[in-house]
Amino acid sequence: MATFSDSTIEKGNDWVQDFLCSSCEEEQLEESADYYCDSCVKFFCRKCIHKHCNLFTKHSPHGRSDMKKWPVVKKVEDFLLKCDVHKEENLASFCKDHSKLCCNTCAFHNHRQCKMVMLLTDLVKNTSTDLKQVLVTIQTTVAELKKLQDNQEASIQSVQSSYDEQLHKIQVTRQKLLAALDMLEKNTLQEMKDTLTKLQASLKSDVDKCSTLGNELKQLRDAIQDISDKSKQELSFIASIKCKDKIQQFEKYRKDNFAQLKSSITFQPNSEIMQYLSKLSGLGKIQHNAQTLTAVGNADQIISIDRKSEYDVCEKKGDPTCNINDICVLPSGQVLVIDYSNNKVKLLNKQYQVVSHCSVSDRNVAICLITPSEVGVTVGDEVQFIKVNNSRLVKDRKLKFRHYCYGIASHQGDLFVTSGTELYNYSLDGKLVSKLHENKLDTCTVWRCAVSQTGDKLYITNLMQNKLLTLARDGSVLSIFTDPELDWPSCVHVTPAGQVLVCGGNTILQIDSKGSRKLATLATQKALSVCYDSNTDSIIVGMNNNNKILVYKVK
C-alpha cells in the first residue's frame, strides 16, 4: 500500500495530505499519487494509472478532484485515534458524564463509577456530526487565538518599551539625588569655610592684640632701663604706673580670651539622613500597570461626537499659516502634530499647548507611534525617528529609502511606508520585507496608510481617485470604498477600538472595519488629518491653512 509522505505531514498546525504512488514505491521511487483505486487499495501517479487502467478495465480509480473517496491519511487517523494521556492506546469509549473520550486505561482508572460510558462503535451508529460547523468553530477559535497571541506579543514590546522608559526615569531620579547630595555637600563645605574664616579672623585679632601689647611692654622696658640710673623720680613713677597698667591689661585679656589655648573645627554627620536612607528599599516603587491594548467594544460601533473646542498651535507670530498634516497621541496624553507648512514637529501638552518643537530638513507628511515615547515621521525620502524626553523632542536615528515617503504606520516591529504609488513593508531597521501594493495609473494613488489594531488589515487612501482601499496583510485587496463625500481623502486613522476614520475633503467619515461601507459622517469640516485620543475620548482634527486644531468630545 502507498505510504504517507513524511515531508508533507505537518506544517505548523495544518495537516498537509499527500500520498506516494504504490507502483513507484515498489521500484524505490518517490512519486506523488494522483489516483486511488479502492478495488486495489493502491495509489497511482499519472504514468502508472495508464498501466493500471489497461490491466483492470472495470476498476474506477478516483482522482484528486474526488479525494473524499480516498482513505484517511494514516498519521491523521493516528492523530485523532490516539489517547491524549496514554499515547500508545487508541480511544475506545466516551463518558457522557464528563464529556470525555477515553481509552481502556482511562475508562478503568477514571470512569469506573460513571453511569454513561459508551463504546465509540455503538455511539457513532446513532450520532451525526456536522464537520462543517466544527470547522467554522475551529477557524473562529484560531482567529481569536491569533488575536490573543498578537496582543500578547504587543504586550512583550510594550513591557520592554515601558522598561526602557522607566529605566531612564530611574537614572534621572538617581541624578537628582546626586544633585541634591552635591548641594548638601556644597552648603556644608561653605558653612565649614565660613566657620574657618570667622575663627581665623578672631584668632588673628587675638594675635594682633598680643603683638601690640607686647610691643608696648617692650617699649616700657627699654624706657625703664634708660632712666633707672639717672635719678628721674617723676619719670620712674610714671613708668611704674604705666607698666602696672599694661600688666593688668594683659592679665585681664588672658583671663577673658585664653581659657582654651587650642581651637579646632569638627564635622558631625547628620545621622537622620543615613537612618532614613537605610530604611529605604529602593529609589521608588515598581508597579505593574495592566492596560488593554485594544478598547473593549465593537469596531463598527458608530462614534457620536458632542461639543467642539479650538486650540491654537501656531508657535510664534510671523510664521506661515499652519497645515496640520497628521496627528499622533502618546499613551502619556501628550500630542504630536505635523506642521507641514513650517517643516516642524510640535509637541502639545494635555491642554493642547505647544511645549516643544523640532525642525526637519524637508516637507514632513505623516507620523506614527513606534514606542510609548518614540514616533516615526516621513520626511522627504527618509523616516526620522523622534523621542519625547521630559516634554522635549529629541531627534534620533534616520532610515533612508530609495523612494519618497508619504504615509507611515507601525505594528509589532513592522513599518508600513507609502511612496505615492506603492505600499512597502519594512522592518524597524529599514530592511525591505515586501512590496504589498502598487498602483501607477496616476500619482498619489497610494497616499496615506493605517493598520488595524490586530494587524490583519491595512487601509490606504487613493488621493487622486477618491478611494479607500482595505488590504489583507499579504497585500490582497479586500474592499474598495468610494462615496460622494469621500473627496480628496488625505488621511486615514484607526482608533484603539478598531474604528476607521477618514478625512474626505470637507468631511470626516467613519467607515466600517471591513472598509466596505460608510457608517456615519462625523463632521463637516475642511480637515487634513484626524486622530482619536483615548486618554480624553476625543477626536482631534488638523486643519488646512489654519493655525488651530479642533477637538471633538465623544459622547
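This chain uses plain numbering: 1 for the first residue, then up along the sequence.
Side-chain N or O atoms of Q510 include one that pairs as donor or acceptor with a backbone N or O of I303 at under 3.5 Å. The backbone N or O of A497 sits less than 3.5 Å from a side-chain atom of T495, completing a donor-acceptor pair. K553 places no side-chain N or O within 3.5 Å of a backbone atom of S309 that could act as its donor or acceptor partner. A donor-acceptor contact shorter than 3.5 Å is absent between the side chain of N390 and the backbone of R392. T173 places a side-chain N or O within 3.5 Å of a backbone atom of K169 that can act as its donor or acceptor partner. Judged by distance alone, with hydrogens and angles left aside, the side-chain atoms of K346 form a donor-acceptor pair with the main-chain N or O of V313 at under 3.5 Å. Listed for the S529 side chain is a donor-acceptor partner under 3.5 Å among the backbone atoms of I324. Using a distance-only test at 3.5 Å, with no hydrogens or angles considered, a donor-acceptor pair links the side chain of S356 to the main chain of L393. Within the 3.5 Å criterion, the main-chain N or O of C322 finds a donor-acceptor partner in the side chain of N547. Judged by distance alone, with hydrogens and angles left aside, the side-chain atoms of T378 form a donor-acceptor pair with the main-chain N or O of Y406 at under 3.5 Å.
No more than 12 heavy-atom neighbours from other residues, nucleotides or ligands sit within 6.0 angstrom of CD on E191. In E234, the CD atom is not crowded: 12 or fewer heavy atoms of neighbouring residues, nucleotides or ligands sit closer than 6.0 Å. More than 12 non-hydrogen atoms from other residues, nucleotides or ligands lie less than 6.0 angstrom from CD of Q248. R174 CZ: 12 or fewer foreign heavy atoms inside a 6.0 Å radius.
With salt bridges taken as basic N to acidic carboxylate O contacts below 4.0 Å, none links D164 and K387. For the pair D208 and K204, the salt-bridge criterion is met [side-chain N within less than 4.0 Å of a carboxylate O]. Taking 4.0 Å as the cut-off between side-chain N and carboxylate O, D381 and K400 count as a salt-bridged pair.
The nearest pair of heavy atoms linking A450 to A409 is CA-CB, 4.1 Å. Shown here for T321 and S341, the closest heavy-atom pair between the two residues is O-OG, 3.0 Å. Between V433 and S427 the shortest heavy-atom distance is CG2-N, 3.8 Å. When every heavy atom of T470 is checked against every heavy atom of G515, the shortest pair comes out as OG1-CA, 3.2 Å. The two residues I265 and M192 come nearest to each other via the heavy atoms CG2-CG, 3.9 Å. Considering all non-hydrogen atoms of both residues, Y352 and V335 come closest at CE2-CG2, 4.0 Å.
Atoms CD1 and CD, from I386 and E374 in turn, are 9.5 Å apart once rounded to the nearest 0.5 Å. The OG atom of S240 sits 10.0 Å away from atom CG of L220, with the distance rounded to the nearest 0.5 Å. Taken to the nearest 0.5 Å, the CG atom of N544 stands 4.0 Å off from the CG atom of L528. The OG atom of S490 sits 11.0 Å away from atom NZ of K526, with the distance rounded to the nearest 0.5 Å. Within the model, atoms OH of Y459 and CG of L501 stand 11.0 Å from one another, a figure rounded to the nearest 0.5 Å. For the atom pair R397 CZ and E382 CD, the distance stands at 12.5 Å (nearest 0.5 Å).
Both tests pass for R363 against the ring of Y340: distance under 6.0 Å to the centre and angle within 45° of the axis.
Side chains of T418 and W447 form no contact here, defined as non-hydrogen atoms less than 4.5 Å apart. Between R448 and D326, some side-chain heavy-atom pair lies under the 4.5 Å cut-off. Proximity of M464 to T443: side-chain heavy atoms (C-beta onward) are separated by under 4.5 Å at one or more points. Within the 4.5 Å cutoff, side-chain heavy atoms of N389 are placed close to those of H168. At least one side-chain heavy atom of I549 sits less than 4.5 Å from a side-chain heavy atom of L348. Residues I338 and V365 have side chains not in contact (no heavy-atom distance under 4.5 Å, counting atoms from C-beta outward). Considering only heavy atoms from C-beta on, V554 comes within 4.5 Å of Y532 through its side chain. Side-chain contact check for V360 versus N343: some heavy-atom pair is nearer than 4.5 Å.
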Could you go through the side chain to side chain donor-acceptor pair (under 3.5 Å) check for H403 and E422 one step at a time?
CA-CA 9 Å; H403 57 79; E422 299 97 0; 6.0 Å; no
Please step through side chain to side chain donor-acceptor pair (under 3.5 Å) for the pair N215 and Q219, ending with a clear verdict.
CA-CA 6 Å; N215 290 333; Q219 286 179 334; over 6 Å; no
Side chain to side chain contact (heavy atoms under 4.5 Å, CB included) between K193 and L189: does it pass, once the steps are laid out?
CA-CA 6 Å; K193 187 175 182 180; L189 290 174; over 6 Å; no
For a side chain to side chain contact (heavy atoms under 4.5 Å, CB included) check, start with the C-alpha distance between F267 and T188, then their side-chain angles and the critical distance, and finish with the verdict.
CA-CA 9 Å; F267 168 70; T188 305; 3.7 Å; yes
N535 and D533: CA distance, side-chain angles, deciding distance, side chain to side chain donor-acceptor pair (under 3.5 Å) verdict:
CA-CA 5 Å; N535 299 285; D533 184 353; 3.1 Å; yes
Show the numbers, then the answer: is there a side chain to side chain donor-acceptor pair (under 3.5 Å) between D300 and S513?
CA-CA 6 Å; D300 294 332; S513 58; 3.2 Å; yes
Using the rule given for side chain to side chain contact (heavy atoms under 4.5 Å, CB included), can you reason through L469 versus V446, listing the C-alpha separation, both sets of side-chain angles and the distance that settles it, and then say yes or no?
CA-CA 9 Å; L469 277 69; V446 185; over 6 Å; no
Please lay out, stage by stage, how L184 and N270 fare under the test side chain to side chain contact (heavy atoms under 4.5 Å, CB included).
CA-CA 11 Å; L184 289 176; N270 188 338; over 6 Å; no
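Exactly one residue among C503, C491, P489 makes a side-chain contact (heavy atoms from CB on, under 4.5 Å) with T461. That residue is P489. The one candidate from T521, N506, T507 that meets the side chain to side chain donor-acceptor pair (under 3.5 Å) condition with E485 is T521.
Two rings, from F401 and Y424, have their centers 6.0 Å or more apart.
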